[in-house]
Amino acid sequence: MLGDLSDDEANELIEYFSKSMIGNIVIRDASLESKIFPVMHYINVATYILYDQSYQYNILKKVAGKILPEEIARRSKTLCAPLNQLAFYSIAMLYLQGRAEVIHDNFYKKKTDPNIIIEPEIKKKETKFILDFWRRLSPNYRNDGALTVENEEITFVSDDYINSLRNQMIPVNNNRELINKLRQTIAHLTIFNFLFQAECRAGISEHGPYYFEGNPDALIFKEFQFLYTGKKIFGIDFSEFIWQKITKPSPIPNMIFGMTLKNMNKIEFNDWGTLFADPAEWHSNITSIGIWTKELKHPKELRYPDNMGKLIPLSLNILDELIEFAKSGTKELYVDYSKWDFTKKLMLGTSNYANNCMALCAGYAGIENDFNWTWADDYATGKPFKTDLLNKEKITGYIEHLKRWKGGHPFMQRVLRGRKIQKTDPFYYFLQD
């Protein structure tokens, strides 16, 4: 049964994930804050919601009644899947972040109120369920069978599938014009995506390296999902999530770039699906490219391995169309966001972190319509909530509470402690008595 973990097993997973998370934080090369969105603030509001109001537990518990996490993972073993490495890692990361915030708060409250329970038994039960759900995902998704990206590779499709793409790759032959056009397209899509997603990484995924049989050049993929078309995504109506409307929609809903690279000293990925390469300016090392879009098949209809959605090759002409879409959309977003107040910006990011992955998990189970996802927009516009899973007043409390630290949370200082202390008191806290 999902969640049937002993305290020792749960603590082992908490310690393991804490160590992984610290490693990812240490190598992060940019501040989370931006000049447009209160990024840290909305992340922490979302994580409070996911844990403190049992929002993530209540949704995933119902999902698990329809489909096991192992099957969700297997149905994601394809290019441009609805859920990917970043999503699976976030299921544990965001929940444990919210849990750590509440535990830290409770330790502080207990100084003046000895009746405070640091971690009630019901919350331990929920935590064990989430940890068990998470640990059944990645080993059934990635080819290495590991819980996290320990070997700094993210591979999840088969060698046979990779070799089937060989003839769809276009040799570059040092064509500088083509390489520059490719770089421009990726750059403009990246800028657009970060703005569209309230400056979070959702929608961008990098993975690899793979190898064609008999070819030493490494094959990596960079994917862009959720490109605004004004239409349903994966057959799911995401209009409740999309508060921004782009006048000139994208010609395609997603874009997959495959690139073979020669003479690379390093190709590494982290748990968030981010590439770290040496040389850092690796575009000059590209030997061939492939460009595709993916059929938007509803996740409940995916079946591993033979019914995972059609991959559609594209001509190079799509690059100009995507550049125009991204440039136009970026300008439009800047103008729109300049008119938004703080609360609307905060709640867009909160919705992204609290809703998006949960909605896609519900989609795999075919129960996405069992939940109301409009609460963040309702909060921003002062409308009544249409869900009984969340308490509006508590969300206001999170927002005000986090203002003390400009949107951050003091528990994050635990990342600075030494390795010896982390073994006895990990970043995300052992289960508390």
Side-chain angles (χ1 to χ4, degrees), residues 78-84 86 165 167-172 175 177-207 220-259 273 283 286 288-299 301-302 308-337 348 352 356 359-360 363:
T78 185
L79 300 181
C80 235
L83 293 173
N84 55 29
L86 172 61
L165 302 178
N167 293 334
Q168 298 176 31
M169 303 291 289
I170 303 169
V172 170
N175 184 332
E177 182 179 353
L178 176 56
I179 291 175
N180 288 337
K181 181 64 65 67
L182 178 68
R183 293 184 66 175
Q184 289 176 35
T185 307
I186 290 175
H188 284 296
L189 286 176
T190 299
I191 293 169
F192 170 81
N193 185 89
F194 270 89
L195 271 181
F196 190 75
Q197 298 288 350
E199 304 212 5
C200 75
R201 187 173 171 77
I204 300 177
S205 176
E206 297 169 323
H207 54 97
I220 64 170
F221 290 94
K222 190 175 184 81
E223 301 175 355
F224 293 91
Q225 295 205 62
F226 316 120
L227 299 178
Y228 181 82
T229 63
K231 302 176 183 178
K232 290 184 177 182
I233 303 172
F234 304 121
I236 300 174
D237 184 1
F238 275 83
S239 60
E240 296 175 347
F241 297 83
I242 301 173
W243 306 357
Q244 321 93 305
K245 300 296 185 283
I246 309 301
T247 303
K248 298 178 181 179
S250 170
I252 51 175
N254 55 60
M255 184 69 187
I256 305 168
F257 295 97
M259 296 162 282
H283 295 87
I286 296 175
S288 65
I289 65 171
I291 50 177
W292 304 270
T293 190
K294 186 70 177 291
E295 173 190 10
L296 291 181
K297 201 174 187 69
H298 194 290
E301 298 174 354
L302 297 172
M308 302 290 281
K310 184 179 179 182
L311 196 65
I312 304 168
L314 300 171
S315 74
L316 294 175
N317 295 332
I318 196 67
L319 300 182
D320 288 316
E321 294 182 59
L322 288 173
I323 289 174
E324 180 58 31
F325 154 73
K327 289 170 68 175
S328 175
T330 297
K331 291 177 182 178
E332 192 168 2
L333 288 177
Y334 268 116
V335 172
D336 286 348
Y337 291 150
L348 174 61
N352 284 352
N356 291 6
L360 287 170

List the steps, then state whether side chain to side chain contact (heavy atoms under 4.5 Å, CB included) holds for L311 with L165. CA-CA 10 Å; L311 196 65; L165 302 178; 3.7 Å; yes
Would you check if there is a donor-acceptor pair between the side chains of [Y] and [X] at a distance under 3.5 Å?
| X | Y | answer |
| --- | --- | --- |
| Y228 | Q244 | no |
| T78 | K294 | yes |
| H207 | E223 | yes |

[Y] and [X], any side-chain heavy atoms less than 4.5 Å apart:
| X | Y | answer |
| --- | --- | --- |
| Q197 | N356 | yes |
| S288 | I170 | no |
| I186 | M259 | yes |
| N180 | H283 | no |
| I291 | P313 | no |
| H188 | F325 | no |
| K232 | L296 | no |
| L319 | F257 | yes |

**Asked** Would you call E206 and R201 a salt bridge, using N to O less than 4.0 angstrom?
**Response** yes
Euclidean distance, [Y] [atom2] relative to [X] [atom1], rounded to 0.5 Å:
| X | Y | atom1 | atom2 | answer |
| --- | --- | --- | --- | --- |
| L178 | I286 | CG | CD1 | 8.0 Å |
| L182 | I289 | CG | CD1 | 5.0 Å |
| N352 | E199 | CG | CD | 11.5 Å |
| L189 | I191 | CG | CD1 | 9.5 Å |
| K331 | T247 | NZ | OG1 | 13.0 Å |
| T185 | L322 | OG1 | CG | 6.5 Å |

Discussion item. Test your reading of the model: is there a side-chain donor-acceptor pair from E295 to the backbone of K310, 3.5 Å cut-off?
Written reply: yes
**Prompt:** Is the side chain of Q225 donor-acceptor paired with the backbone N or O of L83 at a distance under 3.5 Å, no angle test?
**Reply:** no
Give the minimum heavy-atom separation between [X] and [Y], together with the two atoms involved.
| X | Y | answer |
| --- | --- | --- |
| G309 | L302 | N-CD2, 4.2 Å |
| M255 | I252 | SD-CD1, 3.6 Å |
| G329 | I246 | CA-CG2, 4.0 Å |
| G363 | H298 | O-CE1, 3.2 Å |
| M169 | G258 | CE-O, 3.6 Å |

Q | Working for side chain to side chain contact (heavy atoms under 4.5 Å, CB included), residues F226 and N193 | A | CA-CA 9 Å; F226 316 120; N193 185 89; 5.8 Å; no
Open item on the list: Can you tell me which residue among P249, S250, P253 is in a side chain to side chain contact (heavy atoms under 4.5 Å, CB included) with L227?
Closed with: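 Exactly one option meets the side chain to side chain contact (heavy atoms under 4.5 Å, CB included) with L227, and it is S250.
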Item to complete: Please step through side chain to side chain contact (heavy atoms under 4.5 Å, CB included) for the pair T293 and F224, ending with a clear verdict.
Response: CA-CA 9 Å; T293 190; F224 293 91; over 6 Å; no
- [ ] Classify the angle between the aromatic ring planes of F221 and W292 as parallel (below 30°), tilted (30 to 60°) or perpendicular (above 60°).
- [x] tilted
- Task: For T330 and F196, run side chain to side chain contact (heavy atoms under 4.5 Å, CB included): C-alpha distance rounded to whole Å, both residues' side-chain angles, the deciding distance at 0.1 Å, then the answer.
- Result: CA-CA 8 Å; T330 297; F196 190 75; over 6 Å; no
Original post:
How far apart are the C-alpha atoms of K245 and D336, what are their side-chain angles, what is the distance that settles it, and do they pass the salt bridge (charged side-chain N to carboxylate O under 4.0 Å, His left out) test?
Top reply: CA-CA 9 Å; K245 300 296 185 283; D336 286 348; over 6 Å; no
